[in-house]
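All of these numbers come straight from a predicted model, not from anything done at the bench. As the structure lists them, so they are numbered: ligands from 1, and atoms in each ligand from 1.
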Amino acid sequence: MSIFRPKYTIDTVYNLNPITLKKMDIKTVFSDLDNTLVAWNQKQTLEKISQLRDRLSKHGISLVVISNNKHERVNKVLEPLGIEFIASAKKPFKRNLVKAMAQYGVNPVESIMIGDQILTDILAGNSAGMQTVLVKPLIKSDGWHTWLNRLVEKFILGCLNSKEKITYQEDLHEQ
Ligand SMILES: [Mg+2]
């Protein structure tokens, strides 16, 4: 079960503090897209992504999106912002995360995988030996999950919570 447990939690990806990440020696933040960075294609949300990228890059930390979604969809959101991404990442398999770390020249311990799903983002990040961060989904039902996915996710969360409850705070919080 520990492979499913996030190393950290935070209310939202937008609360990530570059100073805290610096202290943790983080060089790259690999982030999920749907329900982590965007709920809808709102202009306001897009500005928030740019601001996050700028805030991190001021401290030498890069933001790279790793999404299971198709290239076309991810490109449509991120291309105008000039944010780098890997689409069709096939999380929970770690293969594309390992490739991405090699591509950006970072070690697993210098990398964060942040996302809203234990079954994909956290499992993939933990398998790749990265620092994993679970966020609250931006919206409860995003249409990308199937009911089965939600059910399994709920079951795993229940198991993890029965051992030690997963809680969220405004800042990065160790689990
Ligand atoms: Mg997601």
Y168 OH: over 12 foreign heavy atoms closer than 6.0 Å:
yes
Report the residues that fulfil salt bridge (Lys or Arg N to Asp or Glu O under 4.0 Å) with D171, sequence neighbours left out, ordered by chain and then residue number.
none
Any N/O/S atom, side chain or main chain, of D121 closer to the Mg ion (ligand 1) than 2.8 Å?
no
To the Mg ion (ligand 1), the closest N, O or S atom belonging to D32 is OD2
Nearest heavy-atom pair of K70 and S88: which atoms, and what distance?
CA-OG, 4.1 Å
For the Mg ion (ligand 1), give me the closest N/O/S atom belonging to D34, just the atom name.
O
Could you pull out the atom name of the N/O/S atom in D116 that is nearest the Mg ion (ligand 1)?
OD1
Please determine whether the number of non-hydrogen atoms from other residues, nucleotides or ligands lying under 6.0 Å from atom CZ of F93 exceeds 12.
no
